[in-house]
Amino acid sequence: MTIKEIFDTMDYGPAPESAAEALAWLVDQGSQFGHFINGSFTAPGQTFESKNPATGEVLAELTQATQKDVDAAVKAARAAQGAWAAMGGSGRATYLYAIARLLQKHSRLFAVLETLDNGKPIRESRDIDIPLVQRHFYHHAGHAQLMNEEMSGREALGVCGQIIPWNFPLLMLAWKVAPALAMGNTVVLKPAEYTSLTALLFADICRQAGLPTGVVNIITGDGAVGEMIVNADVDKIAFTGSTSVGRKIREATAGTGKALTLELGGKSPYIVFDDADLDSAIEGLVDAIWFNQGQVCCAGSRLLVQEGVAERFHQKLRARMKTLRLGDPLDKCIDVGAVVDPVQHAEITRMVASAKNCTVHQTAVNMPAKGCFFPPTLIEGLSLADPLMQEEIFGPVLVSTTFRTPAEAVELANNTRYGLAATLWTENVNLALDIAPKLVAGVVWVNGTNMFDAAAPFGGVRESGFGREGGVEGLMAYTKPTGALDTLNPVVAFEGNDKGAAPAGIDRTAKMFIGGKQTRPDSGYSKSVYGPKGDLLGHVGAGSRKDVRNAVEAANAAKGWAKTTGHLRAQILYYLAENLAARAGEFAARIDAMTGKGDGTAEVETSLQRLFSAAAWADKYDGLAHGVPIRGVALGMKEPVGTIGVLCADEAPLLGLVSAMAPAIAMGNRVVLAASQAFPLAATDLYQVLETSDVPAGVVNILTGAHKDLGDTMAKHLDIDAVWSFSSTGLSKMIEAESAGNLKRTWVNNGRTFDWSRDQSKRFLQAATEVKTVWIPYGE
């Protein structure tokens, strides 16, 4: 095309990026790679091909890891971890800064290699991915420097197994490696089978930076290698990938004590209100769904447009689609590159072909003769229940529907099992700040999309996973409280020496507390509670599945509690503490009668302090305004998890219950509490205090019975958002495995003691909240 023709047509001329340096680097490595273990590359073993998805050409041969390779990598990481942590934050920061500088020095090499390996346009890898990678290492070098001051009382987890996907190969590596190293962990990382080359180049950078051997280990291979890492002797698994695989990892790690964070799939809504700047919203939508060929877990793949502007918006969208440029990813003028692999291309093709009773609009582009290219696609007219409206396509395919009112927009947006991200466009700031908190998503973008930064937490809710990457929350996932924990021995209820006669001839059968009312157990069975000398203290109901069901329904009916102010919740908690204090002697006597330890007075006093602490935190456990490099602000908003099931501590019948309950409800959650299995009467006495303390019905529900039965139902229940288990009956594995159904959050003791005498309210507050990051750019 001549310059005159370009000016006449206003078409973009080709602007190809040279791949010579990247290809030369591959040749210099022999175009064959082993693993990076203990600071050096191993000799290549059985290999598989890494191909350029835009051309089908083989770029290099990579080694398929064996169990022996995984074991060697974990052994190297374990050997290096102690010295790496002992180096101190300032020492680790020096290496992280060095890595960041080397990433800058070789930024073009990384960008070109990423595009060759992944198929994304060079301007995306050059202008977005690689700068963000550098930002993560610089940012987390600062966190390493400040760790001793800002994270006092926390230490590294140990060895972290990390498994990353193929859509952002180097960026996902940075998201995981940078915070892990900053906090003193060592890593064994497996890049995606399709896209391992930039991870291997990063390994070379680590070597150039002089990183101590064994701190970073990178092994390549297919999904079987990821399974080996999950089952290896590591202290944490960090996984980004599909929800189905994430669910399997949750099951595989259950009961092992391994920390786990999952960043999984999404079907993110892109909401356009009738007062939005439609042209800006169109450009945002291009980035939301056709960025990286739609192979983005948080892609705005569900378009929701207000009816008054829907026809005009779709006309503008179809016109904009005609101008999208598809082709060689190394061409700087290309908008849409190649899908990562023929397997993924075939899956996208199959899903689009399944569309029925709808309108499919595809951009008329000149498709390259070879390579994995798929045209930008818009599908209109699907029913809300259609699989394409509910399931992640993970390709350049947008599905669309309309809404009438803001309330309907929220309902449609939340009509999904996922909860990763959401976008909304409106010129009304009041509307934006009203809608954003109502969207069930870990990240919300206002008048923008796909904004990321190392300082701003990113992660999902529901079946989009749990845990955050970036920000302080991301660091917390790579640390644990300092100090070793003792083994928790099962607390066994005392047996009686009588025939079940009630004390003083009075029937003391305690009921359960569900929805603000005392209720009898659905099972119709009761259990005797004896003191240490065998004397009968009373009876409690044997809770069952239906009791859990009733309690969860009552808790979910009390969702309005989350919308109350922290100030109001604090007042109710103070009132609750006052009413408990008025009966302190009675509760102390009850605890002494059940346990025989004689420390009932101290336990009641400490329980009162926990209530006062939770009340104090209720309006003070705030979010943050993150310092992100945009003209705007990223708000980290603390939101309640929802309905939390708690298996209360057996050894501390009142204190264990109050320590979990108070911070949870202070943050706006509702709780279903399974009382101490051995000593339940303190909990059943407590509902009399709840009834007189203005606690709304359904906010606190108390069940009695076997923890195994109640915990199994809680873990499987799809309307429970989290389960905490402090039971002494060894239920951690069961709780974590059964929670995989809806990927609910879990906090289990793994058979270890918990120091209930120490105020650890901050840990409960963290577990009781999710961070929602709301990005709000501003300016004309």
Side-chain angles (χ1 to χ4, degrees), residues 1-3 5-7 9-27 31 49-60 106-131 166-171 192 194-198 201 283 286-287 289-296 299 320-349 362-377 394-397 450:
M1 182 180 293
T2 67
I3 295 178
E5 289 172 332
I6 292 173
F7 275 111
T9 63
M10 295 303 291
D11 285 340
Y12 283 83
E17 174 74 41
S18 173
E21 291 292 331
L23 295 174
W25 181 82
L26 293 172
V27 172
S31 297
E49 295 176 340
S50 180
K51 296 181 179 180
N52 181 344
T55 64
E57 297 173 355
V58 176
L59 296 170
H106 300 287
S107 61
R108 190 56 63 94
L109 175 59
F110 273 105
V112 174
L113 189 60
E114 191 83 320
T115 289
L116 287 172
D117 203 23
N118 171 271
K120 65 176 61 185
I122 182 65
R123 61 186 182 84
E124 292 182 7
S125 55
R126 180 196 64 197
D127 299 340
I128 299 173
D129 290 23
I130 306 306
W166 42 257
N167 55 341
F168 292 93
L170 190 64
L171 184 55
Y194 299 147
T195 55
S196 301
L197 295 181
T198 48
L201 176 56
E283 292 306 307
V286 168
D287 284 336
I289 185 58
W290 292 303
F291 173 65
N292 198 20
Q293 298 71 252
Q295 299 168 131
V296 184
R320 181 65 177 90
M321 289 174 66
K322 293 178 181 179
T323 67
L324 293 174
R325 301 175 297 277
L326 182 146
D328 179 9
L330 283 173
D331 188 338
K332 302 180 189 69
C333 298
I334 289 301
D335 296 309
V336 182
V339 173
V340 73
D341 189 84
V343 172
Q344 181 64 16
H345 186 277
E347 178 62 12
I348 298 169
T349 303
Q362 289 187 319
T363 304
V365 295
N366 294 322
M367 297 291 290
K370 57 181 179 179
C372 300
F373 293 92
F374 196 92
T377 302
F394 221 66
V397 181
N450 281 340

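Computed from heavy atoms alone, side chains included, the values below leave out hydrogens, waters and symmetry copies.
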Start with the C-alpha gap between Asp335 and Val286, add the side-chain angles, then the distance that decides, and say whether side-chain contact (heavy atoms from CB on, under 4.5 Å) holds. CA-CA 9 Å; Asp335 296 309; Val286 168; over 6 Å; no
Between the side chain of [X] and the main-chain N/O of [Y], is any donor-acceptor distance below 3.5 Å?
{"X": "Asn167", "Y": "Gln295", "value": "yes"}
{"X": "Gln344", "Y": "Cys372", "value": "no"}
{"X": "Ser31", "Y": "Ala60", "value": "no"}
{"X": "Gln293", "Y": "Gly337", "value": "yes"}
{"X": "Glu17", "Y": "Ile122", "value": "no"}
{"X": "Asp287", "Y": "Asn450", "value": "no"}
{"X": "Glu124", "Y": "Asn292", "value": "yes"}

Are any of the side-chain nitrogens in Arg325 or Asp331 under 4.0 Å away from the carboxylate oxygens of its partner?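 No, this pair does not count.
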Least distance between heavy atoms, [X] atom then [Y] atom:
{"X": "Gly119", "Y": "Pro329", "result": "O-CG, 3.2 Å"}
{"X": "Lys332", "Y": "Arg123", "result": "O-CD, 3.4 Å"}
{"X": "Phe394", "Y": "Ile348", "result": "O-CD1, 3.6 Å"}
{"X": "Tyr194", "Y": "Val343", "result": "OH-CB, 3.7 Å"}
{"X": "Ser125", "Y": "Pro131", "result": "O-CD, 4.2 Å"}

Please output the side-chain donor-acceptor pairs of residues 362-369 that fall under 3.5 Å, not counting sequence neighbours, one pair per line with the distance.
residue	atom	partner	partner atom	Å
Gln362	NE2	Thr377	OG1	3.0
Thr363	OG1	Met321	O	3.3
Thr363	OG1	Pro376	O	3.4

[X] [atom1] to [Y] [atom2] distance, which is reported to the nearest 0.5 Å:
{"X": "Ile334", "Y": "Asp328", "atom1": "CD1", "atom2": "CG", "answer": "7.0 Å"}
{"X": "Glu347", "Y": "Asp341", "atom1": "CD", "atom2": "CG", "answer": "12.5 Å"}
{"X": "Leu116", "Y": "Thr55", "atom1": "CG", "atom2": "OG1", "answer": "8.0 Å"}
{"X": "Asp127", "Y": "Ser107", "atom1": "CG", "atom2": "OG", "answer": "10.0 Å"}

Angle between ring planes, His345 versus Phe374, binned at 30° and 60°: parallel, tilted or perpendicular? perpendicular
Under the criterion side-chain contact (heavy atoms from CB on, under 4.5 Å), I'd like the reasoning laid out for Val112 against Glu21: C-alpha separation, chi angles, the key distance, then a yes or no. CA-CA 9 Å; Val112 174; Glu21 291 292 331; over 6 Å; no
Is it true that the side chains of Asp117 and Ser50 contain a donor and an acceptor less than 3.5 Å apart? yes
So does Glu283 have more than 12 non-hydrogen atoms from other groups sitting under 6.0 Å from CD?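 Above 12, so yes.
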For Pro169, the option from Asn118, Val340, Leu113, Leu197 that meets side-chain contact (heavy atoms from CB on, under 4.5 Å): Asn118
